[in-house]
Chemist: 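Below is the structure I would like to discuss, written out as structure tokens.
Reckoned from all heavy atoms, side chains included, excluding hydrogens, waters and symmetry mates. As the structure is a computational prediction, the values presented were derived from the model and not from experiment. The residues of the chain are indexed from 1 along the displayed sequence.
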Amino acid sequence: MEKKKVILICVGVVALLAIVGIVIFLLFTDKGYRLLKVFEYSGRSSVIRGDLGEMEPYENMVLESGDVVSLDTGNLVIKADEDKYIYLEEHTKLKLQAEGTSDKSKTTIELMEGAITNDIRNKLSEESSYDVTSPNATMMVRGTMFRVEVYEEDGVKYTRVSVFQGSVETHLIYKDGSISDTAVIIEKGKEVLIYEDDKTTDYVSPPTDIDYTTLPEKVLNLIREAIEEGRDVSLTKEQVEEYLQGTVVVTFTYQGQTFGTQTVKRGEKIQEPTLVPSPNGSWDYDFSKPVNDNITIEWK
């Protein structure tokens, strides 16, 4: 009987030591786990992952390096590690690349279409990196808040980079895949527009003041939240409120051409045009909804 008690005590001690060992390992060894997850989500979106194909995302869904994330409508926020946030705008598609550890991280966001606002709350370690690439540019940061938008007009590809906090280093990516050695630094409150046509990839101009009137309401609200947290961003709270109460432009198009425009206060409803471009079809919009951002409405 006494022998059995000794055996049970020994087993218990071994189990306890094993648990303590695991805890110590998790606390004091180098973290090998990069956290990538869907932080917030509502609307219509998809995640494409290797051989698994297309999946419907959900809040707290763990993402993997190589995932392609698309947001058609609604809201989607990706959290990387514990201090990096990626806010997707509607009609956005990107690819995630994450390597290393949380202390020695390498994060690359390949923005294929649409727009994202990146918020890196803490300065990266010297051995970490956070890059955003577009079809014609790459952006490198240490810790900042900035927006990247890619779009195409009349066959010309554009990348717009707007910096709200800190600074961003940009390099051109040429058609052959090579990257310019020359860097353009965009400081807080500034933005650049990069274009790529059949012959040239270049900056439209040196960095200029951000045109906040063209930013979506969601982005202005993110800036306001940063101000309320006491962060050193490019606007004051009063300025943000003025932009939020400003006007937006609605563009009506037919067969790729502008048919007309309306300018209304943000949050108000627009009037359906009395003139129509063709006998058949209708405007692809619900005119009972208020308008909060510059939008384009197509005749279909």
Chemist: Hey, is the main chain of T251 close enough, under 3.5 Å, to the side chain of T261 for a donor-acceptor pair?
Modeler: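 Between the backbone of T251 and the side chain of T261 there is no qualifying donor-acceptor contact (under 3.5 Å).
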Chemist: Between atom CD1 of I116 and atom CD1 of I78, what is the distance when rounded to the nearest 0.5 Å?
Modeler: 8.5 Å
Chemist: Under the salt bridge (charged side-chain N to carboxylate O under 4.0 Å, His left out) rule, collect the residues that match up with K106, sequence neighbours excluded.
Modeler: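 K106 satisfies salt bridge (charged side-chain N to carboxylate O under 4.0 Å, His left out) with no other residue.
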Chemist: Do E89 and K218 sit within salt-bridge range, that is, some charged N less than 4.0 Å from a carboxylate O?
Modeler: no
Chemist: Roughly how far, to the nearest 0.5 Å, is the CG atom of L220 from the CD atom of E225?
Modeler: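 Spacing of CD (E225) from CG (L220) equals 11.5 Å.
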Chemist: Can you confirm whether more than 12 heavy atoms, excluding those of D211, are under 6.0 Å from its CG atom?
Modeler: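 It does: D211 CG has more than 12 such atoms within range.
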Chemist: Check this for me, if you would: do R121 and D83 make a salt bridge, where the nitrogen-to-carboxylate-oxygen distance has to be below 4.0 angstrom?
Modeler: no
Chemist: Over all heavy atoms of both residues, which pair between D197 and Y195 is shortest? Give the atoms and the distance, please.
Modeler: OD2-CE1, 3.7 Å
Chemist: When you check the gap from the basic side-chain N to the acidic O, do R49 and E54 get nearer than 4.0 Å?
Modeler: no
Chemist: Roughly how far, to the nearest 0.5 Å, is the CZ atom of R224 from the CD1 atom of I227?
Modeler: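 If I round to the nearest 0.5 Å, the distance is 9.0 Å.
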Chemist: Classify the side-chain pair D176/S178 by whether it contains a donor and acceptor separated by less than 3.5 Å.
Modeler: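 Judged by distance alone, the side chains do pair up.
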Chemist: If I compare all heavy atoms of W299 with all of S278, which pair ends up nearest, and what's the gap?
Modeler: NE1-OG, 2.9 Å
Chemist: Please, which pairs that meet ring-ring contact (aromatic ring centres under 6.0 Å, His included) have at least one residue in residues 199-238, sequence neighbours excluded?
Modeler: Y212-Y243
Chemist: What distance do L76 atom CG and M61 atom CE have between them, rounded to the nearest 0.5 Å?
Modeler: 10.0 Å
Chemist: Taking everything shown except E56 itself, do over 12 heavy atoms lie less than 6.0 Å from its CD?
Modeler: yes
Chemist: Can a donor-acceptor pair be found, under 3.5 Å and without considering hydrogens, that links the side chain of R147 to the backbone of L215?
Modeler: no
Chemist: Within the structure provided, determine whether E268 and P290 are in side-chain contact (heavy-atom separation under 4.5 Å).
Modeler: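 Sidechains of P290 and E268: no contact.
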Chemist: Step by step, work out the side-chain contact (heavy atoms from CB on, under 4.5 Å) result for K84 and L36.
Modeler: CA-CA 10 Å; K84 306 172 187 70; L36 284 172; over 6 Å; no
Chemist: Locate the shortest heavy-atom distance separating N294 from V248; write the atom from each residue and the value.
Modeler: OD1-CA, 3.3 Å
Chemist: If I compare all heavy atoms of T159 with all of V148, which pair ends up nearest, and what's the gap?
Modeler: CG2-CG1, 4.0 Å
Chemist: Tell me whether K190 is salt-bridged to D209, with the criterion being a basic N under 4.0 Å from an acidic carboxylate O.
Modeler: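 Looking at D209 together with K190, the answer is yes, because their closest N to O distance falls below 4.0 Å.
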Chemist: Would D198 and K175 pass as an ion pair if we require N to O under 4.0 Å?
Modeler: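 Between K175 and D198 there is no salt bridge, as every charged N stays at least 4.0 Å from the carboxylate O atoms.
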Chemist: Just checking E229: does its CD atom have more than 12 heavy atoms from other residues, nucleotides or ligands closer to it than 6.0 angstrom?
Modeler: yes
Chemist: Is it the case that atom NZ in K237 sees more than 12 heavy atoms from other parts of the structure closer than 6.0 Å?
Modeler: no
Chemist: Just how far is it from atom CD of E196 to atom OG1 of T201, taken to the nearest 0.5 Å?
Modeler: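 Here the rounded value is 4.0 Å.
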Chemist: Aromatic contact between Y85 and F39, with the criterion being ring centroids under 6.0 Å apart: yes or no?
Modeler: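 That pair passes the under 6.0 Å test.
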Chemist: Could you tell me whether K79 atom NZ has more than 12 heavy atoms of other residues or ligands within 6.0 Å of it?
Modeler: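 Enclosed: over 12 neighbouring heavy atoms sit under 6.0 Å from NZ of K79.
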Chemist: Any chance you could measure M145, atom CE, to T117, atom OG1, to the nearest 0.5 Å?
Modeler: 6.5 Å
Chemist: Measuring only between side-chain heavy atoms, which start at C-beta, is T253 closer than 4.5 Å to F259?
Modeler: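 No, side chains not in contact.
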Chemist: Can you see which heavy atom on D202 is nearest to which on L172, and at what distance?
Modeler: CA-CD1, 3.9 Å
Chemist: Could you tell me if the side chain of L63 sits less than 4.5 Å from the side chain of K37, heavy atoms only?
Modeler: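 A side-chain contact under 4.5 Å is absent here.
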Chemist: Can you tell if the side chain of E191 reaches within under 4.5 Å of the side chain of V161, non-hydrogen atoms only?
Modeler: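 Sidechains of V161 and E191: no contact.
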Chemist: Under 6.0 Å between ring centres: does that hold for F287 and Y285?
Modeler: yes
Chemist: Closest heavy-atom contact between D103 and S128?
Modeler: O-OG, 3.2 Å
